[in-house]
Amino acid sequence: MGWEITIDRVQRRRERPKDDDLRFGRVFADHMFLMDYESGRGWHDPRIVPYGPLALPPAAAVLHYAQTIFEGLKAYATEDGRVLLFRPRENARRLNASADRLCMPRVDEDVFLDAIRTLVDLERDWVPSARGTSLYIRPLYFATEEDLSLKPSARYTFAIILSPVGSYYPRGMSPTRIFVEPDDIRSAPGGVGAAKTGGNYARCLRTEARASEAGYDQVLWLDGREKRYIEEVGAMNVFFRLDDKIVTPPLTGTILPGITRDSVLRLCGKWGIEAEERKVELREIAEAAGAGRLREAFGAGTAAVIAPIGWLHCGGDEIEINEGETGDFTEEFYEALTGIQTGRVEDGFGWTEEVPGILK
Ligand code: PLP
Ligand code: COI
């Protein structure tokens, strides 16, 4: 592929909403990145164009068989006006792992990164700067071949869209209420739980809607085989603090290998906090709560950052954690991660990279 991104600029730029008004994923920056794939030809025609609808034939394979994957990462404004990306190569790697699982063509990591850097550079004005805000970057691609036979598509469209965002949960950083789902499952061994693909999210909607109606912020999923072990929350990996130790479910193919999850574990290593990646039985957590050993729980993900869990509803019982308050470890992980992401705290891991000023 000749790698030259063409740019078709909007005639008039829209104004970014005020930082205080930002929710999650409701407004989109002026431009998006697109490129196409055709088997035999590979990825081609990389371009930045005004954000807008895509024309799709009703026979496009994605609309029937859900061959689609996506990623989520963020660009952050520093106090001195630079723009930082957080571990973007990890998103490129995970995108390709999802692509392998869904029989989709890979995207070269450097192509992925170049597309993000160029688009974010063009949209610098869309990076909000108030605390807790960022520019959410959503790369995705999907099957477009017009063929209703069940097979991997021969054509794909890749897009990157940008959305200035505030807090993922409407109540901000306050502790969340989580419903432990006893019946429905999100994924099972041998399935696609570790891939970031739309079907994993669609299948959660019914359960999440029921939990939301009952006053909960998200669902905590149990393993698909025995419904005994904790897996993850709808949009986050989950961590528990038992006494002074951190435990989190292992990556065995049924949960998303979160980049925030990995960052929390690396921070534990640096700070000398004992951390275990292992099967976590729901009963163990309930018993630890009863014995006063469950000191904190939190979710970790790009959109949600670090979200304290104040209450867990399981099997008719309500477990209150840390009296419904954000705990010390949760606060420290949140401060360290957001500090590194926005350049306020020194990045001893090499996690952030500055978006270079490429365009005029
Ligand atoms: N689990 C699920 C199901 C998710 O959608 C996400 C968000 O991307 C995560 C976990 C956290 O992953 P990451 O930290 O890479 O955003
Ligand atoms: C993210 O955190 O980036 C995600 O993709 C989760 C999504 C449900 C908002």
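Residue numbers run from 1 in the order of the sequence given. As the structure is a computational prediction, the values presented were derived from the model and not from experiment. In listed order, ligands and their atoms are each counted from 1.
Contact analysis puts Arg138 in contact with ligand 2, with a non-hydrogen atom separation below 4.0 angstrom. The shortest separation from a heavy atom of Glu71 to ligand 1 is not under 4.0 Å, leaving the residue out of contact. Residue Ala300 places a heavy atom under 4.0 Å from ligand 1.
Less than 4.0 angstrom separates some heavy atom of Glu232 from each of these atoms of ligand 1: 1 (N), 2 (C), 3 (C), 10 (C). Every atom of ligand 1 is numbered from 1 in the order shown, and the set under 4.0 Å from a heavy atom of Arg186 is 3 (C). For ligand 1, the atoms sitting less than 4.0 Å from at least one non-hydrogen atom of Gly301 are 11 (C), 14 (O), 16 (O), numbered in the order shown with element in parentheses.
Of the heavy atoms in Gln218, none comes closer than 4.0 Å to ligand 2. Contacts between Met236 and ligand 2, counted as non-hydrogen atom pairs separated by less than 4.0 Å, are absent for every part of the residue.
Asp36 places no side-chain N or O within donor-acceptor distance of the main-chain N or O of Arg155, the cut-off being under 3.5 Å.
Aromatic ring pairs are classed by plane angle as parallel below 30°, tilted from 30° to 60° and perpendicular above 60°; the pair His313 and Phe179 is parallel.
Considering backbone and side-chain N/O atoms, Arg94 comes within less than 3.5 Å of an N/O atom of ligand 1. For ligand 1, the polar-atom distance check against Ala235 finds no nitrogen or oxygen pair separated by under 3.5 Å. In terms of polar-atom proximity, defined here as any N/O pair under 3.5 Å, Thr260 does make such a contact with ligand 1. Polar contact with ligand 2: present for Ala303 (N/O pair, distance under 3.5 Å). At a 3.5 angstrom cut-off on N or O pairs, Tyr168 does not count as close to ligand 2. Polar contact check, Lys196 against ligand 2: a nitrogen or oxygen pair lies under 3.5 Å apart.
Distance from atom 8 (O) of ligand 1 to its nearest protein heavy atom, with residue and atom name: Lys196 NZ, 2.8 Å.
Taking the centre and axis of the six-membered ring of Trp126, the NZ or CZ atom of Arg16 falls outside the cone set by 45° and 6.0 Å.
The environment of CZ in Arg278 is crowded: more than 12 heavy-atom neighbours from other residues, nucleotides or ligands sit within 6.0 Å. Heavy atoms from other residues, nucleotides or ligands lying under 6.0 Å from CZ of Arg283 number 12 at most.
Of the candidates Val305, Asn91, Val264, Leu256, the one placing a heavy atom closest to atom 9 (C) of ligand 1 is Leu256.
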Take Ser134 and Gln341 through the test side-chain hydrogen bond (donor to acceptor under 3.5 Å, both in side chains) and record every step on the way to the result.
CA-CA 10 Å; Ser134 55; Gln341 287 162 341; over 6 Å; no
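Glu296 and Thr330 form a side-chain donor-acceptor contact under 3.5 Å, judged by distance and modelled atom types alone.
A ring-ring contact (aromatic ring centres under 6.0 Å, His included) with Tyr37 is found for exactly one of Phe158, Tyr141, Phe142, Tyr156, namely Tyr156. Among the candidates Phe70, Phe33, Phe112, the single residue satisfying the side-chain contact (heavy atoms from CB on, under 4.5 Å) test with Ile160 is Phe33.
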